[in-house]
Amino acid sequence: MTLNLYQRIYEVVAQIPKGKVATYGQISKIVECNPRVVGYAMRNITEKMNLPWYRVINSRGKISFPLDSDAYFEQRSLLETEGVTFSEKNVISLDKFSFF
DNA sequence: CGTTTGACTGGCC
DNA sequence: TGGCCAGCCAAAC
């Protein structure tokens, strides 16, 4: 069967191991699409799909949600639980934690 | 159909 | 170091 763009993006997300992260840009290169579309696909993820959406961050090593939002807190908590650390400026070291 | 909208990026200032 | 900008393109309107 033919895999559509979103399905291919989700397959890549599913490959990110625990304790590692990937950027929207890295994923977009693998599936050959615009980075914005990766973000668009993320927004479409439901709880039932059981995907590690929180392991996806932006190219600056930061979470793409406002610092004071519930979504930010949730994503950050999930990552820290897996051992991903944040700097005092709320940045994740891509050298240490990037999967790709 | 034409327009608007992003969980983005790289580059410039 | 940090913020702004244009380009990007599938989806939603």
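Only heavy atoms go into these numbers, but all of them, side chains included; no hydrogens, no water, no symmetry mates. Here is the naming used below: chain letters follow the sequence lines, and residue numbers restart at 1 for every chain.
If you measure from atom CZ of A:Arg60 to atom P of B:dG11, you get 10 Å, rounded to the nearest angstrom. For the pair A:Asp68 CG and B:dA7 C1', the computed distance is 15 Å after rounding to whole Å. For the pair A:Lys29 NZ and B:dT9 P, the interatomic distance rounds to 9 Å; values are reported in whole Å. Taking atom CG on A:Asn58 and atom P on B:dG6, their separation rounds to 17 Å, with Å as the unit. Distance CZ (A:Phe65) to C1' (B:dG6): 12 Å, rounded to an integer number of Å. Between the CD atom of A:Glu88 and the C1' atom of C:dT1 there is a distance of 13 Å, rounded to whole Å.
Listed here is the closest heavy atom pair of A:Pro52 and A:Ala14: CD-CA, 4.2 Å. Minimum heavy-atom separation, A:Leu94 to A:Ile57: CD2-CD1, 3.8 Å. Of all non-hydrogen atoms in A:Val84 and A:Gly19, the two that sit nearest each other are CG2-O, 3.7 Å.
As the counterpart of C:dC5, B:dG10 is assigned, both hydrogen-bonding distances of the Watson-Crick or G-U wobble pattern falling under 3.5 Å.
Looking only at side-chain heavy atoms (C-beta outward), A:Val37 and A:Ser28 stay at 4.5 Å or farther from each other.
Side chain of A:Lys20 to backbone of A:Lys96: a donor-acceptor contact under 3.5 angstrom is found.
The side chain of A:Ser28 contributes no N or O atom lying less than 4.0 Å from OP1 or OP2 of B:dT9.
Closest to the side chain of A:Lys89, out of C:dG2, B:dA7, B:dT9, is C:dG2.
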At under 4.0 Å between heavy atoms, which parts of nucleotides 6-13 of chain C does protein reach? Answer with one letter per nucleotide, 5' to 3': B base, S sugar-phosphate only, - none.
-BBSSSS-

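Within the structure, the salt bridge (Lys or Arg N to Asp or Glu O under 4.0 Å) test picks out the following pairs touching residues 74-84 of chain A (sequence neighbours left out): A:Arg55-A:Glu82, A:Arg76-A:Glu80.
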